[in-house]
Amino acid sequence: MASNFQAVKGTRDFYPQEMRLRNYIIDTWRRVSLRCGFEEYDAPIFEYLDLFTVKSGEEIAEQLFSFTDRGGRDLAIRPEITPSLARMVAEKINALPRPVKWFSVPRLCRAERPQRGRLREFFQWNVDVIGVDDILADAECIFACVEALREFGLTPADVEMRIGSRPLWTAVLDSLAVPTERRDDVLALVDKRFKLPEDAFDKLLAESFLNDEQTSVIRDLLSHENVTVEQLLTDYSGRVDIGQTVERLSQLLGYLEAYGIAEWCVLDLRVVRGLAYYTGVVYEAIAAGERAVAGGGRYDNLLQVVGGPAESATGFGMGDVVLGILLDEKGLLPADLASESLNFFVIDAVEGVFPKVLDLVARLRKGGFSADCHTRRQNVGKQLKQADKRGARCSVLLSGNDLRIKTMASGEETDIDATTFLDDPGKWLQ
RNA sequence: GUGACUGUAGCUCAGUUGGUUAGAGCACCUGGUUGUGGUCCAGGGGGUCGGGGGUUCGAAUCCCCUCAGUCACCCCA
């Protein structure tokens with residue numbers, strides 16, 4: 001250990017190399033958000049502890065980094081940004097033009113044990129639409145999500161957007177007389193179906209409090225890995241009133257089709273998204289062998305929970321950790337992230353002209369080009385070596401008023417006077 | 001919070017049944033090159049062998065504790 005200190009468990013240092021990757025991911029998220037018509041917002045990185053516990057209960061507090069400030073306030077570092085979003089929107093809801101289409105890339109902290117795809121500090125892209133009850137809002141979010149995946153170079157063969165429905169489960173469980181208070185337990189069980197081996201799941205189901213009829217219908221629903229709305233109506237409309245729910249799913253699929261992303265999407269009733277605050281459609285972007293790379297859904301009562309008006313809302317989150325693993329495995333991380341790629345490296349080929357070097361560097365920088373020079377005078381060979389290591393596209397050898405431009409990749413050299421060069425330095429970068 | 005596995009240079013790893021001064025490749029720096037980079041050659045810096053304790057004449061090696069990493073469980077907002 002060179003230092004007496006190390007990075008805290010579950011955190012990452014971003015050296016320039018890692019920083020380039022992080023920026024690549026975040027820039028892509030931001031670009032996609034903006035072109036999908038979302039506006040960026042942010043919130044404080046800590047909030048009152050209550051904001052995070054009010055909707056999920058006390059047990060969530062164990063997974064929070066919380067502290068008491070000098071004024072005795074109980075605070076916590078944000079583990080997600082949705083409660084802050086709800087707070088912000090609730091506060092100004094009457095002044096905000098609808099729809100509220102906002103995105104953010106918050107840095108979040110959760111005091112969980114780190115493992116594959118999960119750290120204690122990470123970045124998460126959040127995209128939300130508030131104030132639009134129409135399922136179109138959900139389609140908007142799913143589109144943005146898919147658009148980002150596509151922008152990263154992923155294909156439907158790599159990632160599937162699996163879409164489920166909480167209300168459908170609610171309706172079916174009601175019709176089976178499953179008590180409301182047990183509903184979350186059942187959904188938690190359903191959620192496990194994804195990751196457990198089949199026999200282990202069967203065991204859990206058998207050990208549950210459910211009777212044979214309930215078990216059988218649940219099993220049947222879960223068998224629909226690739227269900228269509230027609231199938232759902234045929235199989236269940238006689239049993240329960242799911243007409244409205246299925247109609248909404250059907251509309252959603254229509255929108256996704258019109259958006260041209262139907263091949264990414266599939267109805268999958270096994271997706272229920274843990275407990276949380278979801279009230280409608282839910283979805284997860286799943287890559288084989290990984291935890292969900294993105295997940296979201298409709299949460300129509302969250303604003304009320306934080307004391308705001310009844311306002312519908314829907315959105316998703318995508319974490320940088322799983323995404324990074326996925327892109328790395330698929331070989332989709334851009335290769336040119338590896339070098340710094342300086343435009344010009346200016347060299348004093350003779351002694352005594354260093355002020356001119358600085359002048360030229362300054363002019364280039366003012367012109368919008370990245371330019372640099374040595375910090376310790378060395379001979380031309382050494383300086384060229386430095387230029388190479390810095391990833392410079394061109395070296396500019398300066399002696400007197402004349403310059404010699406050297407294109408590093410080809411080794412080609414051209415003599416030119418300074419005025420002509422400064423007229424259009426970009427010409428040398430093509 | 002529970003469990004399993006793993007910690008030797010910045011990175012990837014050697015290191016004999018416990019044996020005296022812990023190595024290699026890559027990377028980095030310097031020189032060969034008062035003047036044209038990448039190649040090559042030579043040299044150099046960098047380790048309390050994750051940390052602490054124990055066993056022993058002697059520990060990178062064996063034992064205990066601890067920290068960290070990885071993976072799984074719990075959880076997944």
Side-chain angles (χ1 to χ4, degrees), chain A residues 1-13 15 17 47 51-57 59-64 76-86 106 108-120 122 124 126 128 187-188 191-192 194-197 200 271-278 282 284 289-297 299 302 305 315-319 321-322 325 339 345 347-352 374 376-399 404-413:
Chain A
M1 291 293 125
S3 163
N4 290 326
F5 298 100
Q6 52 188 221
V8 175
K9 178 204 273 274
T11 64
R12 291 169 289 177
D13 289 326
Y15 289 86
Q17 189 180 336
E47 296 267 8
L51 179 67
F52 301 121
T53 54
V54 66
K55 58 132 179 137
S56 336
E59 65 277 13
I60 216 80
E62 290 172 17
Q63 312 230 359
L64 289 175
I77 302 176
R78 60 188 180 188
E80 57 173 333
I81 203 174
T82 312
S84 304
L85 170 67
L108 307 177
C109 293
R110 297 174 185 174
E112 298 176 298
R113 188 113 175 216
Q115 57 187 274
R116 183 177 176 84
R118 182 200 278 178
L119 298 171
R120 289 187 161 186
F122 56 97
Q124 188 184 67
N126 278 79
D128 294 272
L187 291 183
D191 191 44
K192 283 199 172 50
F194 237 140
K195 12 215 146 151
L196 285 180
V271 176
V272 295
R273 297 288 294 157
L275 40 136
Y277 35 61
Y278 293 107
V282 288
E284 288 180 347
E290 297 293 340
R291 64 181 65 237
V293 64
Y299 51 101
L302 185 61
V305 170
F316 72 89
M318 181 187 292
V321 183
V322 175
I325 292 174
S339 80
F345 192 89
I347 292 169
D348 43 356
V350 296
E351 263 178 291
H374 66 75
R376 176 171 68 99
R377 162 88 180 132
Q378 285 179 301
N379 65 45
V380 172
K382 297 282 191 240
Q383 293 196 53
L384 277 168
K385 189 178 271 211
Q386 248 193 83
D388 182 53
K389 290 199 172 147
R390 295 288 299 274
R393 299 277 296 282
C394 291
S395 288
V396 180
L397 285 78
L398 187 150
S399 53
R404 178 170 289 181
I405 314 296
K406 176 163 188 159
T407 304
M408 297 304 279
S410 63
E412 228 171 283
E413 297 186 16

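If you're wondering where the values come from, they're calculated on a predicted model, not measured in any experiment. Letters A, B, ... are given to chains in the order of the sequence lines, protein chains preceding strands, and every chain is numbered from 1.
Annotation: B:rU48 and B:rA60 have their P atoms spaced 13 Å apart (nearest Å). Atom P of B:rG1 sits at a distance of 12 Å from the matching atom of B:rU66, rounded to the whole Å. Across the C1' atoms, B:rC76 and B:rC13 are found 36 Å apart, a figure rounded to whole Å. On the C1' atoms, B:rC62 is 25 Å away from B:rU70, given to the nearest whole Å. Nucleotides B:rG50 and B:rG69 place their C1' atoms 11 Å apart, quoted to the nearest Å. When the P atom is used for both B:rU21 and B:rG58, the distance is 14 Å, rounded to whole Å. To the nearest whole angstrom, the two C1' atoms, one in B:rU61 and one in B:rG19, are 11 Å apart. Look at the P atom in both B:rA22 and B:rU39: the space between them is 32 Å, to the nearest Å.
Across all strands shown, A:G297 has no heavy atoms under 4.0 Å from either base or sugar-phosphate atoms. Here A:K406 lies in heavy-atom contact (under 4.0 Å) with a base. Across all strands, A:A7 comes closer than 4.0 Å to no nucleic acid atom at all (heavy-atom distances). Within 4.0 Å of A:R120, counting heavy atoms only, lies no atom of the nucleic acid at all.
B:rC76 atom C1' lies 16 Å from atom CZ of A:F52, rounded to whole Å. A:Y278 has its OH atom 12 Å from the P atom of B:rC76, to the nearest Å. What separates CG of A:D388 from P of B:rC40 is a distance of 13 Å, to the nearest Å.
Taking only distance into account, the side chain of A:R113 meets the base of B:rU2 through a donor-acceptor pair shorter than 3.5 Å.
When distances are taken from the side chain of A:V350 to each of B:rC29, B:rG35, B:rU36, the shortest belongs to B:rG35. Comparing B:rU33, B:rU30, B:rC71 by their nearest atom to the side chain of A:Q115 picks out B:rC71. Ranking B:rA68, B:rU36, B:rA77 by closeness to the A:E80 side chain, first place goes to B:rA77.
Of the charged side-chain nitrogens involved, at least one lies within less than 4.0 Å of a carboxylate oxygen, so that A:R273 and A:E284 count as a salt-bridged pair.
Under the 4.5 Å side-chain criterion, counting only non-hydrogen atoms from C-beta, A:L397 is not in contact with A:E413.
Nearest-nucleotide mapping onto RNA chain B: of A:T82 and A:R116, the residue sitting toward the 5' end is A:R116.
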Pair A:N126-A:E80, side chain to side chain donor-acceptor pair (under 3.5 Å): steps then yes or no
CA-CA 9 Å; A:N126 278 79; A:E80 57 173 333; over 6 Å; no
Decide yes or no on side chain to side chain contact (heavy atoms under 4.5 Å, CB included) for A:R377 and A:Q383, but give the supporting numbers first.
CA-CA 8 Å; A:R377 162 88 180 132; A:Q383 293 196 53; 3.2 Å; yes
